[in-house]
Amino acid sequence: MWPASFLSLSCFFSISWMCVCQSPTKQKSNAQRAVSARRVSTVGWWSVVDMNLIVVPHGLPNTTRHLYLDNNLLLTILSDSFIGLPLLLKLDLSHNRLVHLEPGALRDQVDSLSSLYLSFNLLETLDPEAFGDVRAQNNLSHNPWLCACRLQLAVPQLLFNPSSLAEVVCNTSEPEELGAQGMPFILVATYLDFCAELRSTTDVAMLITMFGWFTMVIFYLVNYVRHNQEDAIHHLEYLKSLPNRQGRIE
């Protein structure tokens, strides 16, 4: 009898050969073909690399623990991309074209994910809701980061791979006059407050709003008093006219 490892390897190459040789009209989509043809022989490990994927493939077994989707063309991670993978420990999304992660994209991995690779993408900012309560170590290096208030608020909620921190560099900043371009964000964020201008703008807007409300209340009170004065005068004139009317009747 053939060894089990030999049969597994033969099965893998047979599936790969069938996917390559079938006619174009019968080929599956890249995502489906990737799932059927690029499984690593070790249980729980899946590698779907260099497949020009534009979406995360569905149909992965719920026992998947390591998932490699690097070197593809992924643009967005949808909120349901990794549903049904509660045991996922390591997720590699590096070297894609990611610009956005939808809120809740990793909600099924809250208790399992320990490593997340998002390096070498096109991310400019982060939505903390995309990570939720996931406490994985993140590698966010080599992205064109927009160093602004939103990023400064999001970063403290994440865990970072220490070796990648120096490579999380500001491509641009908001406001630009802060001069953070080309500097590591972790260094800049220790002495620059990107939210200061936003808070200042918010304070000014609040003052303007309060002044508007105050003006409206004063205007209402003035009109209320004036209206009451006019009613009082009319009432007083009416009362003064009563004796005269009674005299005429007599």
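Worth saying up front: this structure is predicted, and the values here are computed from it rather than measured.
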Is any side-chain heavy atom of [X] closer than 4.5 Å to a side-chain heavy atom of [Y]?
X	Y	result
Asp108	Phe82	no
Leu140	Val155	no
Phe185	Gln152	yes
Lys90	Ser114	no
Leu153	Cys195	yes
Phe120	Asp70	no
Leu106	Leu91	yes
Asp127	Arg150	yes

As an exercise, state the distance from [atom1] of [X] to [atom2] of [Y], rounded to the nearest 0.5 Å.
X	Y	atom1	atom2	value
Asp80	Glu102	CG	CD	7.5 Å
Leu126	Phe131	CG	CZ	5.0 Å
Thr125	His100	OG1	NE2	10.5 Å
Ile54	Thr76	CD1	OG1	10.5 Å
Leu93	Asn71	CG	CG	11.5 Å
Asn139	Leu118	CG	CG	8.0 Å

Can you name the nearest heavy-atom pair linking [X] to [Y], along with the distance?
X	Y	value
Asn161	Gln137	CA-OE1, 4.0 Å
Leu123	Val99	CD2-C, 3.6 Å
Gln157	Arg135	O-NH1, 2.8 Å

Would you say [X] and [Y] are hydrophobically clustered, going by side-chain heavy atoms of ILVMFWY under 4.5 Å?
X	Y	value
Val110	Leu85	yes
Tyr117	Trp145	no
Phe160	Val169	no
Leu87	Leu113	no
Leu146	Leu192	no

With a 3.5 Å distance limit and no angle check, can you tell me whether Asn96 reaches the backbone of Asn72 through a side-chain donor-acceptor pair? yes
Any donor and acceptor pair, going by atom type alone, linking the side chain of Ser112 with main-chain N or O of Pro86 inside 3.5 Å? yes
Pair Trp46-Leu60, side-chain contact (heavy atoms from CB on, under 4.5 Å): steps then yes or no: CA-CA 8 Å; Trp46 286 80; Leu60 294 167; 3.9 Å; yes
Starting from the C-alpha separation in whole Å, work towards a yes-or-no answer on side-chain contact (heavy atoms from CB on, under 4.5 Å) for Val168 and Ile186. CA-CA 8 Å; Val168 180; Ile186 192 65; over 6 Å; no
Step by step, would you call Val56 with Leu69 a side-chain contact (heavy atoms from CB on, under 4.5 Å)? CA-CA 8 Å; Val56 174; Leu69 298 173; 4.0 Å; yes
How far apart are the C-alpha atoms of Thr64 and Leu88, what are their side-chain angles, what is the distance that settles it, and do they pass the side-chain contact (heavy atoms from CB on, under 4.5 Å) test? CA-CA 6 Å; Thr64 301; Leu88 194 60; 4.0 Å; yes
